[in-house]
Amino acid sequence: MDLEFKLQVFEGPLDLLLHLIEKNKIDIYDIPIVEITDQYLEYVNQMPKEDLDMASEFLLMAATLIDIKSRMLLPKEVDEEGNEIDPRAELVEKLIEYKMYKHAAQELRDMQVYAGKSLYKEETLPKEVKKYKQPVDLDKLLKDVDLSKLNEIFQMVLRRQVDKIDPVRSKFGTIEMEEVSLPEKMEFVSHTIKTKKKCSFKQLLENSSSKIEVVVSFLAILELIKVGEIEVSQEHTFDDIYITSIE
């Protein structure tokens with residue numbers, strides 16, 4: 001009669017390595033790579049053949065361990081700064097990261113089990129009871145309060161309101177947007193020039209109430225020059241600019 005041995009099932013090669021490290025009570029930062037590699041290969045060799053065909057990750061880790069084992073036997077490698085390169089460093093980093101995730105998964109599993117044992121009762125209060133509010137006895141509430149105490153509370157509330165005011169922004173005025181339409185200003189300029197036949201730029205801007213209106217008036221004049229309705233002229237530098245209508 002043949003004896004059958006059932007091997008412990010691991011979630012992956014890192015899970016197996018972590019099991020071997022904990023079983024042998026090895027410092028994860030100083031893994032005896034020869035001993036761990038031998039134990040790992042022993043487990044892989046005992047895996048059922050039908051499972052081994054599907055366990056490419058285990059075979060890849062076995063090749064990685066053998067590579068690290070061979071590098072440990074060679075002379076020490078150094079980096080550009082002259083520090084020794086530990087061939088086990090990358091493997092140790094992966095093991096620590098896997099151990100952290102495994103621990104977090106175990107905590108979540110425990111929380112799920114604990115939550116499954118929790119029972120609660122849904123609210124069954126009648127609507128009338130839920131709407132009920134206990135009446136407030138003002139006389140009892142203000143029993144120890146006199147006018148002096150009320151005045152003190154009132155002054156404290158006022159001080160809090162004053163403290164909330166920004167000393168800089170509170171002095172800002174209200175900014176209102178002036179709506180100055182370019183088409184309307186073009187119509188106004190065109191009508192004024194056609195009526196007066198000739199007008200100076202200064203006279204045209206005499207009734208402007210803001211800088212925005214002056215800018216829009218200037219843009220209106222440029223647009224009218226562009227479409228050929230008006231022309232401008234200036235006899236000498238710094239003289240008035242005169243606008244005339246083109247018939």
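Between Glu231 and Ile225 the shortest side-chain heavy-atom distance does not fall below 4.5 Å. In this structure the side chain of Lys185 reaches within 4.5 angstrom of the side chain of Glu213, judged on heavy atoms. Counting heavy atoms from C-beta outward, Leu182 and Met186 have side chains that approach closer than 4.5 Å. Two residues are said to be in side-chain contact when any heavy atoms from C-beta on lie closer than 4.5 Å; Ile230 and Thr244 fail this criterion.
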Q: Report the C-alpha separation of Gln106 and Arg109 in whole Å, then their side-chain angles, then the decisive distance to 0.1 Å, and conclude whether the side-chain hydrogen bond (donor to acceptor under 3.5 Å, both in side chains) test is met.
A: CA-CA 5 Å; Gln106 183 61 44; Arg109 193 177 299 110; 2.7 Å; yes
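Partners of Ser217 under the side chain to side chain donor-acceptor pair (under 3.5 Å) rule, at least two apart in sequence or in another chain, do not exist in this structure. Applying the side chain to side chain donor-acceptor pair (under 3.5 Å) rule to His103 yields the partners Glu107; only residues at least two apart in sequence or on another chain are considered. With sequence neighbours left out, Lys130 forms a salt bridge (charged side-chain N to carboxylate O under 4.0 Å, His left out) with Glu123. When the side chain to side chain contact (heavy atoms under 4.5 Å, CB included) test is applied to Glu184, the partners found at least two apart in sequence or on another chain are Ser181.
Within a 6.0 Å sphere centred on CE of Met156, heavy atoms belonging to other residues, nucleotides or ligands number more than 12.
The hydrophobic cluster around Leu108 extends to Met111, counting ILVMFWY residues whose side-chain heavy atoms fall within less than 4.5 Å of a member.
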Side-chain donor-acceptor pairs under 3.5 Å in residues 89-99, sequence neighbours left out?
residue	atom	partner	partner atom	Å
Tyr98	OH	Asp15	OD1	3.4

